There are 2 protein chains.
Amino acid sequence: MPYQDEGFGCPAEVGLHMISGKWKPRILYELFQETRRFGELRRRIPEVSRHVLTLQLRELEDDGIVKRTVFHELPPKVEYSITEFGRQFEAVLEQMVILGQQYIGSQQDSKGK
Amino acid sequence: MPYQDEGFGCPAEVGLHMISGKWKPRILYELFQETRRFGELRRRIPEVSRHVLTLQLRELEDDGIVKRTVFHELPPKVEYSITEFGRQFEAVLEQMVILGQQYIGSQQDSKGK
DNA sequence: CAGTATCCCAGTCGATACTG
DNA sequence: CAGTATCGACTGGGATACTG
């Protein structure tokens, strides 16, 4: 009887959807450590373009996972931090890292024969 | 220093990728309960087409999460079961359900004003 | 019963250029 | 510094029809 919310087939999808974005896990990894400025994120994740980084951050913000703080100074300064809600994703993502590494390990075993 | 495996920005993506598919959480929810035949899955998840169900099951199989057993009878019979590796995703997905429901709850609160 | 083969569309992501 | 605007490529998934 759960498993029927809006356009989603099951509630797990809702949670999954919030962190599904090519750079979201990587961004969250940074923000779990500490609050970062936009430019810092760019330097730490050089592979992502400004455009896409902005998009992913906006989605995370809209979903209540990340908080965006604008300082009206010159030059402009914007800080991104993890919210209390967002912090709850830390454990799941860590578990995902473990499962991902197990998978990678098993792939390499079967290759090395 | 982890965070640099193959085409993935971070190892969590590898784990995430394995269960990212529109119907995978829903399929896994079924298989966590017990082994199911293809037709059973179709009846229990009527929204997904045969085509896509097949695709998602194949991907889960390729990633070692699901085991496919073919019985060479007439009429044909195919059973899908969760592997030991796949079983490890149960806890994370349950956590995702909780987070998804929290999100849904908070959205409805802010709507109801 | 349990698939495969085709075709197509919508959403993501990347590259590039411009701006308060 | 931290964005926005625009365009184009790729891909995951849906609809439909056919098959061992």
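Letters A, B, ... are given to chains in the order of the sequence lines, protein chains preceding strands, and every chain is numbered from 1. The basis for the numbers below is simple: all heavy atoms, side chains too, and nothing from hydrogens, waters or symmetry mates. Computed from a predicted structure; not experimentally measured.
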B:Leu41 vs B:Val48, test: side-chain contact (heavy atoms from CB on, under 4.5 Å). Steps then yes/no. CA-CA 9 Å; B:Leu41 289 173; B:Val48 62; over 6 Å; no
So A:Gln56, base contact, sugar-phosphate only, or nothing? Heavy-atom distance under 4.0 Å. sugar-phosphate
Would you please confirm or rule out a distance under 4.0 Å between OP1 or OP2 of D:dC18 and any side-chain N or O of B:Arg50? no
A:His51 side-chain proximity, nearest of D:dC1, C:dA2, C:dT16: C:dT16
Value in whole Å for how far the P atom of C:dT12 lies from CG of A:Leu60: 13 Å
Does B:Glu90 come within less than 4.0 Å of B:Arg87, counting only side-chain N to carboxylate O? yes
Watson-Crick or G-U wobble partner for C:dG11, using a 3.5 Å limit on both distances? D:dC10
Map A:Pro76 and A:Ser20 onto DNA chain C by nearest heavy atom, then report which one ends up closer to the 5' terminus. A:Ser20
Evaluate the ring planes of A:Phe38 and A:Tyr80, with Trp represented by its six-membered ring, and classify them as parallel (under 30°), tilted (30 to 60°) or perpendicular (over 60°). tilted
Grab the CH2-P distance between A:Trp23 and C:dC13 for me, whole Å please. 10 Å
Here the distance between atom C1' of C:dG3 and atom CG of B:Leu55, to the nearest Å, is 11 Å
Given DNA chain C, 5'-ward residue of the pair B:Lys77 and A:Val48, judged by closest heavy atom: B:Lys77
B:Thr54 side chain, from C-beta outward: closest of D:dG13, C:dC13, C:dG3: C:dG3
Please determine if B:Glu47 and B:Arg26 form a salt bridge, counting it only when a charged side-chain N lies under 4.0 Å from a carboxylate O. no
Separation of D:dG12 P from A:His17 NE2 (nearest whole Å): 15 Å
Spacing of B:Asp62 atom CG relative to D:dG12 atom P, expressed in whole Å: 13 Å
Report the C-alpha separation of A:Gln95 and B:Gln95 in whole Å, then their side-chain angles, then the decisive distance to 0.1 Å, and conclude whether the side-chain hydrogen bond (donor to acceptor under 3.5 Å, both in side chains) test is met. CA-CA 11 Å; A:Gln95 186 58 23; B:Gln95 186 58 24; over 6 Å; no
Taking atom P of C:dA2 as reference, at what distance in whole Å does atom CZ of B:Arg44 sit? 14 Å
Base, sugar-phosphate, or nothing for B:Phe71, non-hydrogen atoms under 4.0 angstrom? nothing
Report the distance from atom NZ of B:Lys22 to atom C1' of C:dA10, rounded to the nearest whole Å. 11 Å
Whole angstrom is fine here: how far is it from CG in B:Leu74 over to C1' in C:dA2? 12 Å
Between B:Arg42 and C:dA2, is there a side-chain N or O to OP1/OP2 distance below 4.0 Å? no
Taking only the side-chain nitrogens and oxygens of A:Arg68, find out if one of them lies under 4.0 Å from OP1 or OP2 of D:dG3. yes
